[in-house]
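Written out below as structure tokens is the structure these notes cover.
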Number of protein chains: 2
Amino acid sequence: MSLEVEGADEAQTEAVTKNLVFMAAERLFALHGFQNVSVRDITAEAGVNLASVNYHFGSKDALLFEIFRRRTTELNRERARLLHEANDRHGGKPPVREILAALFIPPLRWMAPENDRRISLQFLIRARSEGTEEIRTILRTDVTHLRRFSDALTAARPDLPDVEVYWRLHFVLGMLHNNRFSEFDRMNALAEGRMGEGDTAALLERMLDFAEAGFIR
Amino acid sequence: MSLEVEGADEAQTEAVTKNLVFMAAERLFALHGFQNVSVRDITAEAGVNLASVNYHFGSKDALLFEIFRRRTTELNRERARLLHEANDRHGGKPPVREILAALFIPPLRWMAPENDRRISLQFLIRARSEGTEEIRTILRTDVTHLRRFSDALTAARPDLPDVEVYWRLHFVLGMLHNNRFSEFDRMNALAEGRMGEGDTAALLERMLDFAEAGFIR
DNA sequence: GTCAGTTTCATACGGCCGTAAGACTGCCCT
DNA sequence: AGGGCAGTCTTACGGCCGTATGAAACTGAC
């Protein structure tokens, strides 16, 4: 349940231009939203030619989708690995807190201030609500990733009806997805700046305390 | 802590066209997002002339803002009234569950399937993340409404550090704002349709149980 | 050195966008 | 009767958008 960063390399030296576009687009989409960023904005930010987007990705929609796909895969893989490790530690039946930690830790790692994946997380959160119809369809349809977690949770709380588990997982995901800049800033304004965003380790414990309490009850 | 609907009239007979535009715009914005809906879409849906938006509201941005302002005011007023009633019932110091109920009940009332305010809630949730810079600034700046609730919560839990209250309120609002169609559909797909969206009274109790547990802990 | 293949470049096209301008309509007030 | 006016209509303008095209530049193999 630690937040230490682990080796996240990825060679990806192929096609410098394609990568410049990818990174610039992810950044701008995350900051301003899909519809508010034009292909011209992206190529200008990346310092490449206007036609690059359509040459390397096919279309603006396809670019968005590829970023979404890659980041989602990465996030899901990290989560699955942590859940797997929790399974190993507890003989295939980890307690609720460990399951929730596997769900929380990857995005919280990404969110750490010095982490350059911070923008990727903002992108994912945004794409979830503002994405293309294609993205929304996938989100609605492909729930295999979540199933691992709901299964683990029902195993950890066999006394709880399935439906109850789903609802509480729904609430927990709401907590998690609300961690975007603007919402945090709002609450921090209310707290007159005393919320201290930086400490992600403390945030993890806070979130686990809150979510676990709601789950164990 | 009941969900019975109360008198929500509002005369609003002024300028039929203006109202048609208002309603059509709210609906389309809620369903498809601000950037994905054109002035032409709105006026077509409303069955009025293209120029109506600019004549009655000044601009598309101003239209969005006016819808946001009105719905926010209505929601905040309902919440404030419920909190006030809770105060009266408990001599100015209601327990956590009552405070959270004052926060949850208005949006849940709006969300009830037969309620025509359902679309207004979807609009508000969307505007919160996709709105204009002006809307985001207001959300970030104007926290007077939230202060009533954070004050009440710190009074109900004087042993808890202020900062802790803000964090937990942040989590609770995350739970609440995640109640959009798409997110629910996702979880309901995972539950194979067994989540039974319709019963908002049960949902209220479920949310209160979860949030209260996290707060009391 | 040539040629095929890949990548970059400048440019343009058609389309939809938000907004403005000005003519027109109906209604009330005097 | 007639003038004023709020509201509605048609139409068009300039602008930015995503994408397509074809030429130019580059790369490596032989």
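In what follows, chains are A, B, ... by sequence order, proteins preceding strands, each numbered from 1. In this text, all values refer to a predicted model and were calculated from it rather than measured experimentally. No hydrogens, no waters, no symmetry mates; every other heavy atom, side chains included, goes into these values.
Across residues 46-53 of chain B, B/N49, B/L50, B/A51 each have a non-hydrogen atom less than 4.0 Å from an atom of DNA chain D (numbered order). Proximity of residues 23-38 of chain B to DNA chain D (heavy atom under 4.0 angstrom from any strand atom) is not detected for any residue. Listed by residue number, A/Y55, A/H56 are the residues of residues 54-69 of chain A with a heavy-atom contact under 4.0 Å to DNA chain C.
Scored by the side chain to side chain contact (heavy atoms under 4.5 Å, CB included) test, B/V96 finds B/L100, B/L153, B/A156, B/R157, B/F215, B/I216 as partners (sequence neighbours excluded). With sequence neighbours excluded, the residues that form a ring-ring contact (aromatic ring centres under 6.0 Å, His included) with B/F184 are A/W167. When the salt bridge (charged side-chain N to carboxylate O under 4.0 Å, His left out) test is applied to B/R77, no partner is found at least two apart in sequence or on another chain. For A/H145, the ring-ring contact (aromatic ring centres under 6.0 Å, His included) test picks out A/F149, with sequence neighbours left out. Take B/N54 and apply the side chain to side chain donor-acceptor pair (under 3.5 Å) test, not counting sequence neighbours, and it matches no residue.
The backbone N or O of B/L190 sits less than 3.5 Å from a side-chain atom of A/R147, completing a donor-acceptor pair. Of the possible donor and acceptor atoms, none in the side chain of A/R180 sits under 3.5 Å from a partner among the backbone N and O of A/Q122.
Residue pairs that meet the salt bridge (charged side-chain N to carboxylate O under 4.0 Å, His left out) test with at least one member in residues 52-69 of chain B, sequence neighbours left out, are B/K18-B/E66. Residues in residues 45-54 of chain A take part in these salt bridge (charged side-chain N to carboxylate O under 4.0 Å, His left out) pairs, two or more places apart or across chains: A/R27-A/E45.
Taking 4.0 Å as the cutoff to heavy atoms of chain B, we find the contact window on DNA chain D bounded by D/dA6 to D/dA12.
A salt bridge links A/R71 and A/E74; the closest N-O separation between the charged side-chain nitrogens and carboxylate oxygens is under 4.0 Å.
The two atoms that bring B/R109 and B/N115 nearest to each other are O-ND2, 3.0 Å, heavy atoms only.
Following rounding to the nearest Å, A/R40 (CZ) and C/dA10 (P) show an atom-to-atom distance of 13 Å.
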Mind listing the side-chain donor-acceptor pairs of residues 137-144 of chain B below 3.5 Å, one per line with the distance, residues two or more places apart or on another chain?
unit_1: B/T137; atom_1: OG1; unit_2: B/E133; atom_2: O; d: 2.8
unit_1: B/T141; atom_1: OG1; unit_2: B/T137; atom_2: O; d: 2.7
unit_1: B/D142; atom_1: OD1; unit_2: B/T144; atom_2: N; d: 3.4
unit_1: B/D142; atom_1: OD1; unit_2: B/T144; atom_2: OG1; d: 2.9

